[in-house]
Amino acid sequence: MKNTSSAQTARRFAGYSRNRLISMGVMVVIFIILAILPVVAPDSYWVTRISEYMRYGILAIGWVLFSGPTGYMSLATAAFYGLGFYMAAILNGPLPFAVVVILSGIVGFIVAAAIGALTLRLRGVYFCIFTFAVVLLLNQVVLEVERLTTGTRGRFVQQESVHVAYWAILIVFILTVVVTMFIRRSRYGLALQSIGEYEEAAAHSGINVVRTKVVIFATGAIFMAMAGAIMATRRSYIDPGIAFSMETSFLPVLMAMFGGMGNLVGPVLGAVGFTALRDYLVTAYPDAFMLIFGVVLIIAILFMPNGILGVAQQLWRFIRRRTGGSPKTPLEKGGRRAPA
Amino acid sequence: MHLLEGEKLTKQFGGLIATNEVDFYVDKGEILGLIGPNGAGKTTLFNLISAALKPKPGKITFNGKDITPLPAFKICRMGIARTFQTVKIFPHVPVVRNVMVGALFGTGRHLSNAEAIKKAEESLEFVDLLPMKDALAGDLTLAQQKRLELARALASSPELLLLDELMAGLTAVEVSEAMGDVKQIRDSGVTVIMIEHLMQAIMNISDRIIVLDYGKKIAEGTPAEIAANPKVIEVYLGEECDVAS
């Protein structure tokens, strides 16, 4: 009796339940469709749009990886993304594109680890403000260094074609999803969640709290920097204001809240929904865009505390109750309110 | 050699001296009781041992090794587990995963997922929480949460267990159950230091008792010696005075 319950639990955590296999299958199919899309439909409009969705998907997942379970609200996303921009501006051309992207990831990890080691002793709003300041600091430092060394404000970037950038961002997107899923399911996922729930108890239960936080924070930065390096090649010109735009820090946070942070579908859903909504409003109501966008956002945060995903779950539960099924959904457990 | 030994442990919070040059030891297989009025420095002593706080000055040795400079997670991995006066569980995590944290990170060895689950379920079985293993920890009653905390500590395979008011707020029946648990833990080879306000419990199961008052150790001995010690009676009951005059 005891053995079977143990085996059941083991299977659940090893991750081979039927639902999980189905969702993994769906994921692989989506990835394949995304991979062949530019061949089937070379129309660059959709290719560009989907690159954009995936870019925000990467940023939102990279943010949720660390900030979701721990509740440490990081606003440093733009710092690592902008770092990728400058890596591409300086190195793309002299070095092959793929090498530039990989190097950006490595540099992003190192810089984030350094920033994390300094800031992750701070808690709550102090951490949030410090990470915000890091972006502003980098912005100013790069501006000043450029003034002294090149005497110019911005730089030209050697461009890559729409399709090369698309496949590059797709590869990084898949990497982000797979690595994040792996981490969330591993013991480090449990460690992160414990830290978020009760940091002191986590430390006294044997978790190396500082190292866990720094490593995961820096892992998220790998993807952000890689996304930056790829997206920079779609522009011809960058400057510190573009590279370290605060929008890049705020949007992924909003997208993750908008979509829901219980699992990885949420942030992606948020990224796609958010970007699509913004695109629609910009074209349909260019003047009132920000106003409508803001109102929608406030309503979403007020009435959908667990994001689109939360609403979907409630609907699902409602339908199940109507048809007499079990009211519990598998997503429910992981669902957590946005960190404050 | 003592299992754990503290020398001249001092901790000041501003002008307040929480523990003042406290010397103590515990031997393998003992149940050491730690009593004293509120604010006597009992929990501070636990915090010093488990490295939530650092003594200044003072030295703590465990199995002959100086552990004073080590961080909390290493102390746990070396074999000193603790519970907290106010429960510190992971409320949105299922019960079994709460305990798995101790098994996965606290033992100092690398356990596979399946081993960790097995270990967690054994610990839960011991504290009678196995039927609740899939519930969220935050949904348990306070008494259950305290047992959950004990299970998490046990899952890290400790040599020494620090129990901070395990029995506070429990009913009489639950107290006697908890006393049985503590004895059973000791009999399984784990040394125990426990803080408790319930005299009946602590006098009953401790092999030795240390009394703290205003951060100083004022008495040490067997339960019988402590019960007869005039200093302890004074601290707990007030000074003797001549009623006739």
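Heavy-atom basis, side chains included; hydrogens, waters and symmetry copies ignored. Labels below follow one simple rule: chain letters A, B, ... track the order of the sequence lines, proteins then strands, and each chain is numbered from 1. Just so it is clear, the structure is predicted and the values come from calculations on it, not from any experiment.
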Proximal component of V87(B), with respect to chain A [non-hydrogen, under 4.5 Å]: backbone

How about OH on Y188(A), more than 12 heavy atoms from neighbouring residues, nucleotides or ligands closer than 6.0 Å, or not? no

Nearest 0.5 Å, please: how far is OG in S205(A) from CE in M100(B)? 13.0 Å

Mind listing the closest non-hydrogen atom pair of F90(B) and Y198(A) along with its distance? CE2-O, 3.6 Å

Residue pairs, two or more places apart or on separate chains, that pass side-chain hydrogen bond (donor to acceptor under 3.5 Å, both in side chains) and touch residues 180-194 of chain B: R186(B)-D207(B)

H92(B) side, atom NE2; S194(A) side, atom OG - distance, nearest 0.5 Å: 13.0 Å

Quick check: under 4.5 Å, non-hydrogen atoms only, which of residues 206-221 of chain A neighbour chain B? G206(A), I207(A), N208(A)

Could you tell me whether K56(B) atom NZ has more than 12 heavy atoms of other residues or ligands within 6.0 Å of it? no

In short, E200(A) meets K88(B) closest at the heavy-atom pair OE1-NZ, 2.8 Å

Heavy-atom proximity to chain A below 4.5 Å, by part of A155(B): neither

Go through the atoms of I75(B) and report whether side chain, backbone, both or neither lie under 4.5 Å from a heavy atom of chain A. neither

Most chain A-contacting option - heavy-atom pairs closer than 4.5 Å, from M78(B), R82(B), K74(B): R82(B)

Contact origin within S156(B) toward chain A - heavy atom pairs under 4.5 Å: neither

Could you tell me which portion of L124(B) (side chain, backbone, both or neither) has an atom closer than 4.5 angstrom to a non-hydrogen atom of chain A? neither

What I'd like to find out is whether the side chain of H110(B) reaches to under 4.5 Å of the side chain of R187(A), using heavy atoms alone. yes

Side chain, backbone, both or neither of I80(B) within contact of chain A (heavy atoms, under 4.5 Å): neither

Sort out for me which of T107(B), N98(B), L104(B) touches chain A most, counting heavy-atom pairs under 4.5 Å. L104(B)

Report, as yes or no, whether the 6.0 Å neighbourhood of atom CZ on F318(A) holds more than 12 heavy atoms from other residues, nucleotides or ligands. no

Does F84(B) have its ring centroid less than 6.0 Å away from the ring centroid of H204(A)? yes

